[in-house]
Amino acid sequence: MNDKYKTLKSECKFKGEVIELNVDLIEMPHGEIAEREYVRHKGAVAVVAVTSERKIVLVNQYRHPTSNFLLEIPAGKLDEGEDLSDCAVRELEEETGYLCGSLTKLATLYTTPGYSDELLHLYLAQDLRQGKIKREEGEEMHLEVLEVSLDEVLQMITQEKIKDGKTICGICLAQTLSYI
């Protein structure tokens, strides 16, 4: 923790199922008082799933804040007290129907530290086998599963057909570490 920035007051303005919005008054190192708005989030996982044919599994789903469908790697929020790898396995199966024989932790990152404390845990899933899609309520009609080669995915990124940060980060990291 940082002892140079002192929180004088913290107020929760909104608490929902996924996020909570807080406004804090903080004392800066030079004594100035500042107000900071930020989102608290329970955390999430995202999975770069690679088939035996070396195809990357993506989902195309509607994301209301963007008013658009986005191509993404499977991902989802952590349930209270849930183990990270269990969450990764659950989200992979829920969204794609795949089970994995091998799960490797790639990284942990803050998604948007300018206004959120959300930590995202990136995993690589390999040795995939078909399970059963178990989508959450509301996802049934809004998710399409695709399998795309690395060259195609990289082209989609450079052509801005993939704009999701966790997806770009996960794929590039898996490629850099020679997993795909």
Side-chain angles (χ1 to χ4, degrees), residues 18-19 39 41-79 82-114 116-180:
V18 177
I19 63 163
V39 173
H41 190 281
K42 294 177 184 172
V45 299
V47 182
V48 179
V50 183
T51 69
S52 58
E53 295 83 26
R54 298 182 51 85
K55 301 252 178 149
I56 299 161
V57 180
L58 298 175
V59 293
N60 190 29
Q61 64 180 317
Y62 181 75
R63 294 296 196 176
H64 182 70
T66 69
S67 299
N68 235 323
F69 281 83
L70 297 181
L71 286 168
E72 305 176 31
I73 55 177
K77 64 181 172 52
L78 284 160
D79 289 337
E82 186 175 22
D83 177 79
L84 296 173
S85 59
D86 290 345
C87 183
V89 169
R90 175 179 57 78
E91 286 295 336
L92 178 64
E93 185 177 17
E94 279 180 9
E95 293 190 0
T96 70
Y98 277 114
L99 300 169
C100 65
S102 170
L103 192 67
T104 305
K105 180 85 177 265
L106 294 174
T108 297
L109 56 103
Y110 285 106
T111 58
T112 49
S116 175
D117 69 351
E118 180 186 8
L119 271 177
L120 178 73
H121 307 274
L122 283 168
Y123 283 87
L124 172 77
Q126 295 174 297
D127 303 320
L128 302 182
R129 64 188 183 285
Q130 200 60 52
K132 184 178 178 191
I133 292 176
K134 300 176 181 180
R135 296 199 177 129
E136 293 177 340
E137 185 179 325
E139 287 183 333
E140 298 86 10
M141 298 173 22
H142 306 288
L143 252 135
E144 174 190 6
V145 179
L146 299 94
E147 295 177 9
V148 184
S149 73
L150 177 60
D151 287 342
E152 291 173 300
V153 167
L154 294 175
Q155 186 175 26
M156 292 169 143
I157 291 169
T158 59
Q159 293 174 345
E160 297 184 5
K161 292 179 181 174
I162 294 178
K163 295 180 182 179
D164 177 63
K166 71 182 172 298
T167 300
I168 294 168
C169 182
I171 289 167
C172 291
L173 187 55
Q175 179 193 24
T176 300
L177 296 173
S178 300
Y179 288 116
I180 50 177

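The shown structure was predicted, so the numbers you read here are calculated from the model rather than taken from an experiment.
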**Prompt:** Glu152: what forms a side-chain hydrogen bond (donor to acceptor under 3.5 Å, both in side chains) with it, not counting sequence neighbours?
**Reply:** Ser149
**Asked** Which is it for Asn60 and Leu58 under the side-chain contact (heavy atoms from CB on, under 4.5 Å) test, yes or no, and what are the steps along the way?
**Response** CA-CA 7 Å; Asn60 190 29; Leu58 298 175; over 6 Å; no
Which pairs would a plain distance check flag for residues 43-54, meaning a side-chain donor or acceptor within less than 3.5 Å of a matching protein atom at least two apart in sequence or in another chain?
{"residue": "Thr51", "atom": "OG1", "partner": "Glu53", "partner atom": "N", "Å": "3.3"}
{"residue": "Thr51", "atom": "OG1", "partner": "Glu53", "partner atom": "OE1", "Å": "3.3"}
{"residue": "Thr51", "atom": "OG1", "partner": "Lys55", "partner atom": "N", "Å": "3.0"}

**Complete:** One should read off an interatomic distance between Ile73 CD1 and Ile56 CD1, to the nearest 0.5 angstrom, of 9.5 Å
**Item:** Nearest non-hydrogen partners of Tyr62 and Ser67, listed with the distance
**Value:** OH-CA, 3.6 Å
**Asked** Are the side chains of Ile157 and Thr167 in touch, meaning some heavy atoms are under 4.5 Å apart?
**Response** no
Can you give the donor-acceptor pairs under 3.5 Å from side chains of residues 170-180 to other protein atoms, not counting sequence neighbours?
{"residue": "Thr176", "atom": "OG1", "partner": "Cys172", "partner atom": "O", "Å": "2.8"}

**Request:** Can you sort out the partners of Gln130 under side-chain hydrogen bond (donor to acceptor under 3.5 Å, both in side chains), two or more places apart, ordered by chain and number?
**Result:** none
**Straight-line distance of Ser85 OG to Lys105 NZ, nearest 0.5 Å** = 9.0 Å
**CA sep, side-chain torsions, deciding dist, call: Cys100, Val89, side-chain contact (heavy atoms from CB on, under 4.5 Å)** = CA-CA 7 Å; Cys100 65; Val89 169; 4.3 Å; yes
**Asked** Does the pair Asp164/Arg63 count as a salt bridge with the N-to-O cut at 4.0 Å?
**Response** no
**Asked** Do you know the tightest heavy-atom contact between Leu103 and Ala88?
**Response** CD2-CB, 4.1 Å
**Request:** Indicate the atoms forming the closest heavy-atom contact of Glu82 with Lys77, along with that distance.
**Result:** OE1-O, 4.4 Å
**Complete:** Contacts of Arg129 meeting salt bridge (Lys or Arg N to Asp or Glu O under 4.0 Å) (sequence neighbours excluded), chain-then-number -> none
**Asked** What's the spacing between Leu70 CG and Lys163 NZ if we round to 0.5 Å?
**Response** 8.5 Å
**Request:** Any chance you could measure Gln61, atom CD, to Leu71, atom CG, to the nearest 0.5 Å?
**Result:** 10.0 Å
**Message:** When you compare the side chains of Tyr98 and Glu147, does any donor N or O come within less than 3.5 Å of an acceptor on the partner?
**Reply:** yes
**Item:** Nearest non-hydrogen partners of Glu95 and Leu143, listed with the distance
**Value:** O-CD2, 4.0 Å
**Request:** Starting at CZ of Arg90, measure out to CG of Asp83 and round the result to the nearest 0.5 Å.
**Result:** 11.0 Å
**Fill in**
Interatomic distance, OG1@Thr104 vs CG@Leu106, rounded to 0.5 Å, equals 7.0 Å
**Request:** Check the pair Glu118 / Val39 against side-chain contact (heavy atoms from CB on, under 4.5 Å), numbers first and verdict last.
**Result:** CA-CA 8 Å; Glu118 180 186 8; Val39 173; over 6 Å; no
**Request:** For the pair Thr96 (side chain) and Glu93 (backbone), establish whether a donor and an acceptor sit closer than 3.5 Å, ignoring hydrogens and angles.
**Result:** no
**Request:** Identify, with sequence neighbours excluded, every residue that meets side-chain hydrogen bond (donor to acceptor under 3.5 Å, both in side chains) alongside Lys42.
**Result:** none
